[in-house]
Amino acid sequence: MASNSTKSFLADAGYGEQELDANSALMELDKGLRSGKLGEQCEAVVRFPRLFQKYPFPILINSAFLKLADVFRVGNNFLRLCVLKVTQQSEKHLEKILNVDEFVKRIFSVIHSNDPVARAITLRMLGSLASIIPERKNAHHSIRQSLDSHDNVEVEAAVFAAANFSAQSKDFAVGICNKISEMIQGLATPVDLKLKLIPILQHMHHDAILASSARELLQQLVTSYPSNKMVIVSLHTFTLLAASSLVDTPKQIQLLLQYLKNDPRKAVKRLAIQDLKLLASKTPHTWSRENIQALCECALQTPYDSLKLGMLSVLSTLSGTIAVKHYFSIASGNVGSSPRSSDLVKLAQECCYHNNRGIAAHGVRVLTNITVSCQEKDLLALEQDAVFGLESLLVLCSEDDSPGAQATLKIALNCMVKLAKGRPHLSQSVVETLLTQLHSAQDAARILMCHCLAAIAMQLPVLGDGMLGDLMELYKVIGRSATDKQQELLVSLATVIFVASQKALSPEVKAVIKQQLESVSNGWTVYRIARQASRMGNHDMARELYQSLLTQVASEHFYFWLNSLKEFSHAEQCLTGLQEENYSSALSCIAESLKFYHKGIASLTAASTPLNPLSFQCEFVKLRIDLLQAFSQLICTCSSLKTSPPPAIATTIAMTLGNDLQRCGRISNQMKLSMEEFRSLASRYGDLYQASFDADSATLRNVELQQQSCLLISHAIEALILDPESASFQEYGSTGAAHADSEYERRMMSVYNHVLEEVESLNRKYTPVSYMHTACLCNAIISLLKVPLSFQRYFFQKLQSTSIKLALSPSPRNPAEPIAVQNNQQLALKVEGVVQHGSKPGLFRKIQSVCLNVSSTLQSKSGQDYKIPIDNMTNEMEQRVEPHNDYFSTQFLLNFAILGTHNITVESSVKDANGIVWKTGPRTTIFVKSLEDPYSQQIRLQQQQVQQPLQQQQQRNAYTRF
């Protein structure tokens, strides 16, 4: 996670460079607000959201909103409308307004205007501010008053404000509920106003009594006003209220099913389906078997495809949740129905071959989800139905390049991946179907099918060398033109080929791929294929492709990046020649590999820029270099048993020292150092894992595997040589390679299990240290290195970007200048922070809370040493804060009793939704100078003045005696 701290601009004056930027930007906009031209004023107002985004701290936002409130107070209605829009766009920054009273006072003054439009804009403004002023009684009163206005614009604004305040304030919701009820039931209220008032009732969920009264009112409305619009609005409000209050969800499902079954109007049926889908996604556990049965019956009976499609979409949502297990579970007192004989399955089977693609897709999805989630034995027929349904849908959609067909194809392919994962014995037939259909499919469909093939093959080794011929034939035919689809297809198909050829690529395959790439000549396509080759461990192919791209880039940073990738691929390629039992050859291969790695890390450092420091890549490669060096050192240590055997008196020395291991000579100490080295590397891999908050799960798993390799070797050294008696193998048992998500992981897990078995068998048979033990260690290293390293996605591409900006207050004018504080006072350090996101926030994980750690150390003492309690010498504090709208703030009280300069360090880490702590940073440092308080200083000086004459008198007496 690239987190960078910023200098604070929270001080009273403009301290530092960035503060001046913020203040100058605000002054520039303020100049526009004071302009006499309406256009310039409007332009200044609409530029405020950009300012808030760039400088998202309270001191600036508070000043800016106060200026906007002044414009709102004295400007015309168009300016007020602009301020309203800015406020609504900047909703997440509203809670950073410090002077809320002053801000609201300036806004509220306009409510007394004679202009109903100005009052309406003010009401909408108050409604937009409901999150920060939920309990303002004057705002509540104004809204109630404006609901009785004769001006339609003002009444609509009051309805908007009432809805917002009802969502935020329980008191307002309780108070306004009767008023809304009277207006809705009143004969004088126009129908269109009633339709706008009814949705306010969805916010009456603050307590059970309020929710119950709102439900009663809505029930009356549904029966009393049977018109189309009234029923639709009332039912939808009913659903939203039930979804929020949670208590009445089962009743609401029954009501919606009742309308779906009995109401003849298609619009009402569509609304019922839409609301049922909402409840299916939010609360699937509240659906009973009877509810699903009723929905199936409706779907089987309806003659309309559009309604059948809607009902099936609800069922397909439910089929992926706990509801489908409830449906097939044995009801009390009844024999549980077999999955094959149920209405749900009949409906799905009937719809699988429907002429409407959407209905067929949902039918197939329901069948797939039932097949995967139900673990009964007699599901063979159901599995076959699912496979046949998927095959027919694949044939239907793959030869059609319309957007609808592509969307349906995506659903079918997702089902194929899910089916292959849930029922591995079906994967072979699924893959064969995909390969057969690839030849006749459209290009757009081929790309999606290749992604599906790769996804299945990554989970299960189903693509054998026998299928490579088909893939290569297809690769020769495609890519004749340089269109975007063709380029995408080249990358997708190359990925499938890399996955299919699990070992090294044959020269023929490489020749075909290179020939196609030369004829198309798109550098970006070549880079993407090379990147996939690096991910799949085909480093020889990747090296050649990176080499061909070196001269095709315009920036030296890109050149160094490609050059570093080429060197890393070359380094990994050197390790493919490793052979077991040939240790001298292994040492030379590792040395050769390290040579290219050192060249690569130099290029990688040159490729980094301040905006893109490549910190993960550099650290990952440094760890790989250190790991290879540790492996090399361990092989040399093992060889030293032959080159430097223990001396003849080694047994006597061991008996004298009481350490039995000393009889093995110097190798024992070397092994101990080697074990500590591997544990240190494992710890560093753990730190890299914790620092990679934005990494995808495959990259994190890769880092974890490297860490496990280090722990495995350190455990093997301990179990074989250093401490064979107390070595435990239970915690290192088989960790289930069946659940591995990639071929690299499967091979690594296989190596781990094999090495552990070898170590355990040797541990029981022989006493250390024999050639068998050293050979076992060397073979373990070679087995680990023979698995080609996978450079995962995060090494090349960051899909999620999260950073934290910290601001400390008080802060010095100059970063190197210390803050002065008296030693009898405590410093209140305020830490504020903003979480900043990239284009896809929370793609892999979200920040649940931020952990702030504040520590201080004494840099230099000044003055005399006093006897001070240990507690007062250091500050070490930690607080957890939950960001709200990506902003957090907290305070620390620090004590500096010792005179001198103290260094305060504030470090942040984050906790995700799963409770995992990530050491993301940033780390900010300020200096504090602790000064003696004037009163103590005065007393000390007085004491010194009293003591000086006494000392002089004693000196005179000494001279006299002398």
Side-chain angles (χ1 to χ4, degrees), residues 6-133 139 142 151 153-154 157 160-161 807 834 885 887:
T6 176
K7 299 173 191 172
S8 166
F9 41 88
L10 301 176
D12 295 332
Y15 297 148
E17 185 184 341
Q18 194 152 9
E19 298 90 304
L20 288 174
D21 286 347
N23 288 329
S24 59
L26 185 58
M27 284 168 63
E28 191 67 32
L29 293 181
D30 188 38
K31 201 187 296 179
L33 294 179
R34 294 175 188 278
S35 168
K37 297 176 182 175
L38 182 62
E40 289 182 6
Q41 286 179 306
C42 293
E43 185 186 354
V45 170
V46 298
R47 282 169 60 195
F48 271 91
R50 176 77 186 101
L51 180 74
F52 297 155
Q53 191 179 352
K54 196 171 182 185
Y55 306 106
F57 285 97
I59 208 77
L60 179 127
I61 285 169
N62 183 61
S63 304
F65 269 113
L66 288 175
K67 291 180 190 298
L68 288 173
D70 274 332
V71 172
F72 190 91
R73 181 168 55 87
V74 300
N76 59 24
N77 284 344
F78 183 67
L79 274 174
R80 287 178 184 135
L81 192 63
C82 290
V83 173
L84 171 64
K85 293 294 180 189
V86 166
T87 307
Q88 289 175 339
Q89 282 180 31
S90 311
E91 189 182 355
K92 68 185 235 178
H93 298 298
L94 291 177
E95 63 181 24
K96 298 174 195 171
I97 300 174
L98 305 174
N99 301 352
V100 177
D101 291 339
E102 182 60 31
F103 176 65
V104 175
K105 182 181 166 186
R106 295 179 192 183
I107 298 290
F108 197 75
S109 61
V110 187
I111 202 75
H112 305 298
S113 167
N114 291 329
D115 180 5
V117 176
R119 292 200 301 271
I121 295 173
T122 308
L123 284 167
R124 286 187 178 272
M125 188 74 175
L126 290 171
S128 303
L129 299 173
S131 59
I132 59 169
I133 53 164
S142 298
D151 186 87
V153 175
E154 188 175 355
F160 169 81
V834 176
N885 287 329
Y887 170 76

**Q** Would you name the heavy atoms of A44 and L29 that are closest together and state the gap between them?
**A**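 So the two residues come closest at CB-O, 3.6 Å.
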**Q** Using 4.0 Å as the upper bound for N to carboxylate O, is an ion pair formed by D70 and K67?
**A**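 D70 and K67: not salt-bridged.
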**Q** Report the distance from atom CG of L94 to atom CZ of F103, rounding to the nearest 0.5 Å.
**A** 7.0 Å
**Q** Might you point out which heavy atoms bring L68 and F52 nearest each other, and give the distance in Å?
**A**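 Between these two residues, the closest heavy atoms are CD1-CZ, 4.4 Å.
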**Q** Can you tell me if N62 uses its side chain to pair, donor with acceptor, with the backbone of N99 under 3.5 Å?
**A** yes
**Q** Would you find a donor on one side and an acceptor on the other, under 3.5 Å apart, between the side chain of R80 and the backbone of T122?
**A** no
**Q** According to salt bridge (Lys or Arg N to Asp or Glu O under 4.0 Å), does anything in residues 82-92 pair up with another residue at least two apart or in another chain? List the pairs.
**A** K92-D886
**Q** Over all heavy atoms of both residues, which pair between P56 and K96 is shortest? Give the atoms and the distance, please.
**A**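 Of all heavy-atom pairs spanning P56 and K96, the closest is O-NZ, 3.0 Å.
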**Q** Atom CD in Q88, atom OG in S128: separation rounded to 0.5 Å?
**A** 3.5 Å
**Q** Just verifying a value: how many Å separate R73 CZ and R106 CZ, rounded to the nearest 0.5 Å?
**A**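 Nearest 0.5 Å value for the CZ-CZ distance: 6.5 Å.
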**Q** Hey, is the main chain of K31 close enough, under 3.5 Å, to the side chain of S35 for a donor-acceptor pair?
**A** no
**Q** Counting N and O atoms only, with roles assigned by atom type, does the side chain of D151 sit under 3.5 Å from a partner on the main chain of P116, one being a donor and the other an acceptor?
**A** no
**Q** Test side-chain contact (heavy atoms from CB on, under 4.5 Å) on Y55 and L26 and set out the steps.
**A** CA-CA 10 Å; Y55 306 106; L26 185 58; over 6 Å; no
**Q** Name the residue from I132, V104, L66 that meets the side chain to side chain contact (heavy atoms under 4.5 Å, CB included) definition with I97.
**A** I132
**Q** Can you list the steps and then say if F65 with I107 is a side-chain contact (heavy atoms from CB on, under 4.5 Å)?
**A** CA-CA 11 Å; F65 269 113; I107 298 290; over 6 Å; no
**Q** Less than 4.5 Å apart, any side-chain heavy atom of I59 and any of F57?
**A**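 A side-chain contact under 4.5 Å is absent here.
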**Q** State, to 0.1 Å, how close S113 and A118 come at their nearest heavy-atom pair, and which atoms those are.
**A**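 Minimum heavy-atom separation between S113 and A118: OG-CB, 3.9 Å.
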**Q** For F72, run the side chain to side chain contact (heavy atoms under 4.5 Å, CB included) check against T87, L79, L81, V83 and tell me which one passes.
**A**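 That would be V83; it is the only one of T87, L79, L81, V83 passing the side chain to side chain contact (heavy atoms under 4.5 Å, CB included) with F72.
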**Q** Using side-chain heavy atoms (C-beta onward) and a distance below 4.5 Å, is V110 in contact with I121?
**A**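 No, every pair of side-chain atoms sits at 4.5 Å or beyond.
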**Q** Can you tell me how far the CG atom of L129 sits from the CZ atom of R124, to the nearest 0.5 Å?
**A** 13.5 Å
**Q** Backbone N or O of Y887 within a donor-acceptor pair of the N885 side chain at under 3.5 Å?
**A** no
**Q** Let me confirm one number: the CD-CD distance from Q53 to Q89, rounded to the nearest 0.5 Å.
**A** 10.5 Å
**Q** Which residues satisfy the ring pair (Phe, Tyr, Trp, His ring centres under 6.0 Å) test with F108, sequence neighbours excluded?
**A**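 Only H112 meet the ring pair (Phe, Tyr, Trp, His ring centres under 6.0 Å) criterion with F108.
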**Q** Do NZ/NE/NH1/NH2 and the carboxylate oxygens of D30 and R34 come within less than 4.0 Å?
**A**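 A salt bridge is present here (some side-chain N lies under 4.0 Å from a carboxylate O).
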